[in-house]
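Counting from 1, the numbers follow the sequence of the chain as shown. Quick note: numbers below take in every heavy atom, side chains included, and nothing from hydrogens, waters or symmetry partners.
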Amino acid sequence: MTESLDAERMACWRAYIESSQRLFTRLEDDLRADSDLSFADYHVLVLLSEAPGQRLRMGELADRLVFSPSRLTYQITTMQKRGLVAKEACPADRRGSEAVLTAAGLLALREAAPHHLRSVRAHLIDDLDDAEVACLTRVFERLGRRLQAGRTASSTPADK
């Protein structure tokens, strides 16, 4: 019984990974065609646009992007050359720096966002077959049950 459950679980995760990779590739291609932004560029711009003052410390940005510091430095440098972001000294930390959204970066994000959202909707609807949808649904249902169980187990009774 557990062997078939493990096989089903592996099949679901494999479907999730394969579907995610295919969707990501198509979304990246669409984003570049519509706006000349990479997915990483777009993600940096979104994070900066949502940050207070449209600026984030480099360490916090790296954490949110799950980038290594060297990868983030490269990403910010290439975006700086294109005028999408600026890099400034961080007033709170003399040793650190912040990435700052520029007017050109905000404009690029505003122009790319509607195309990207349309692309996400189209690919999610058009590119996933029924079997992938079923597998992905099972994966997320299991994750939801595990998260709910984890929250229930970790919650403590209120003090009276």
Side-chain angles (χ1 to χ4, degrees), residues 12-129 132-133 135-152 154-155:
C12 286
W13 281 109
R14 193 173 301 111
Y16 170 74
I17 292 166
E18 291 169 359
S19 301
S20 297
Q21 288 172 336
R22 190 174 69 252
L23 288 171
F24 177 81
T25 300
R26 290 186 176 145
L27 292 172
E28 173 90 17
D29 292 345
D30 287 355
L31 191 58
R32 282 193 186 276
D34 290 333
S35 65
D36 198 33
L37 293 174
S38 71
F39 206 72
D41 293 338
Y42 185 80
H43 200 171
V44 167
L45 294 175
V46 167
L47 288 174
L48 289 174
S49 72
E50 294 171 346
Q54 297 183 331
R55 60 180 55 235
L56 278 173
R57 295 171 79 180
M58 294 294 281
E60 186 177 355
L61 190 55
D63 290 344
R64 289 186 183 187
L65 291 165
V66 194
F67 277 2
S68 68
S70 60
R71 171 70 175 112
L72 180 62
T73 299
Y74 172 78
Q75 183 69 39
I76 294 298
T77 301
T78 59
M79 292 179 75
Q80 237 180 323
K81 289 177 184 174
R82 294 170 52 210
L84 301 173
V85 298
K87 193 172 171 184
E88 297 178 357
C90 178
D93 180 3
R94 288 183 167 179
R95 296 170 294 142
S97 57
E98 294 178 321
V100 180
L101 185 64
T102 63
L106 186 58
L107 180 63
L109 178 61
R110 285 185 180 153
E111 290 175 354
H115 299 289
H116 180 59
L117 292 175
R118 196 167 36 253
S119 176
V120 168
R121 284 189 199 107
H123 288 301
L124 285 175
I125 292 168
D126 298 340
D127 293 341
L128 294 178
D129 62 28
E132 288 174 319
V133 170
C135 280
L136 293 173
T137 300
R138 285 195 302 275
V139 166
F140 287 113
E141 284 172 350
R142 282 190 188 116
L143 284 173
R145 284 192 301 270
R146 284 185 184 170
L147 288 171
Q148 189 63 34
R151 285 185 181 157
T152 304
S154 67
S155 64

Could you grab the distance from atom [atom1] of [X] to atom [atom2] of [Y], nearest 0.5 Å is fine?
X: Met58; Y: Ile76; atom1: CE; atom2: CD1; answer: 5.0 Å
X: Arg32; Y: Ser38; atom1: CZ; atom2: OG; answer: 5.0 Å
X: Phe39; Y: Asp29; atom1: CZ; atom2: CG; answer: 11.5 Å
X: Leu31; Y: Asp41; atom1: CG; atom2: CG; answer: 8.0 Å
X: Thr25; Y: Glu28; atom1: OG1; atom2: CD; answer: 8.0 Å
X: Asp34; Y: Ser119; atom1: CG; atom2: OG; answer: 7.0 Å

inquiry  = Please determine whether side chain to side chain contact (heavy atoms under 4.5 Å, CB included) holds for the pair Gln75 and Val85, giving the CA-CA distance in whole Å, both sets of side-chain angles, and the decisive distance to 0.1 Å.
reply    = CA-CA 10 Å; Gln75 183 69 39; Val85 298; over 6 Å; no
Salt bridge (charged side-chain N to carboxylate O under 4.0 Å, His left out): pairs with one or both residues in residues 12-25, sequence neighbours excluded: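 Qualifying pairs: Arg22-Glu132.
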Shortest non-hydrogen contact from [X] to [Y]?
X: Arg82; Y: Leu37; answer: NH2-CD2, 3.7 Å
X: Ala104; Y: Leu84; answer: O-CD2, 4.0 Å
X: Lys87; Y: Ser97; answer: CE-OG, 3.3 Å

Return the set of residues passing side-chain contact (heavy atoms from CB on, under 4.5 Å) with Arg55 (not counting sequence neighbours), or none when no residue passes.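 Listed in chain order: Glu88, Glu98, Val100.
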Q.
Can you list everything that forms a side-chain contact (heavy atoms from CB on, under 4.5 Å) with Ser68? Sequence neighbours excluded, please.
A.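 Scan of Ser68 (side-chain contact (heavy atoms from CB on, under 4.5 Å), adjacent residues dropped) gives Ser70, Arg71.
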Listing, residues 42-49 side-chain donor-acceptor contacts under 3.5 Å, not counting sequence neighbours, or none:
| from | atom 1 | to | atom 2 | distance (Å) |
| --- | --- | --- | --- | --- |
| Ser49 | OG | Leu45 | O | 3.4 |
| Ser49 | OG | Val46 | O | 2.7 |

Could you pull out every donor-acceptor pair under 3.5 Å between side chains of residues 59-67 and any protein atom, sequence neighbours left out?
| from | atom 1 | to | atom 2 | distance (Å) |
| --- | --- | --- | --- | --- |
| Glu60 | OE2 | Arg64 | NH2 | 2.7 |

Does Phe24 have more than 12 heavy atoms from other residues, nucleotides or ligands lying within 6.0 Å of its CZ?
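More than 12 within 6.0 Å, yes.
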Listing request: all side chain to side chain donor-acceptor pair (under 3.5 Å) pairs with a residue in residues 101-116, at least two apart in sequence or in separate chains.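 Pairs touching residues 101-116 that pass the test: His115-Arg118.
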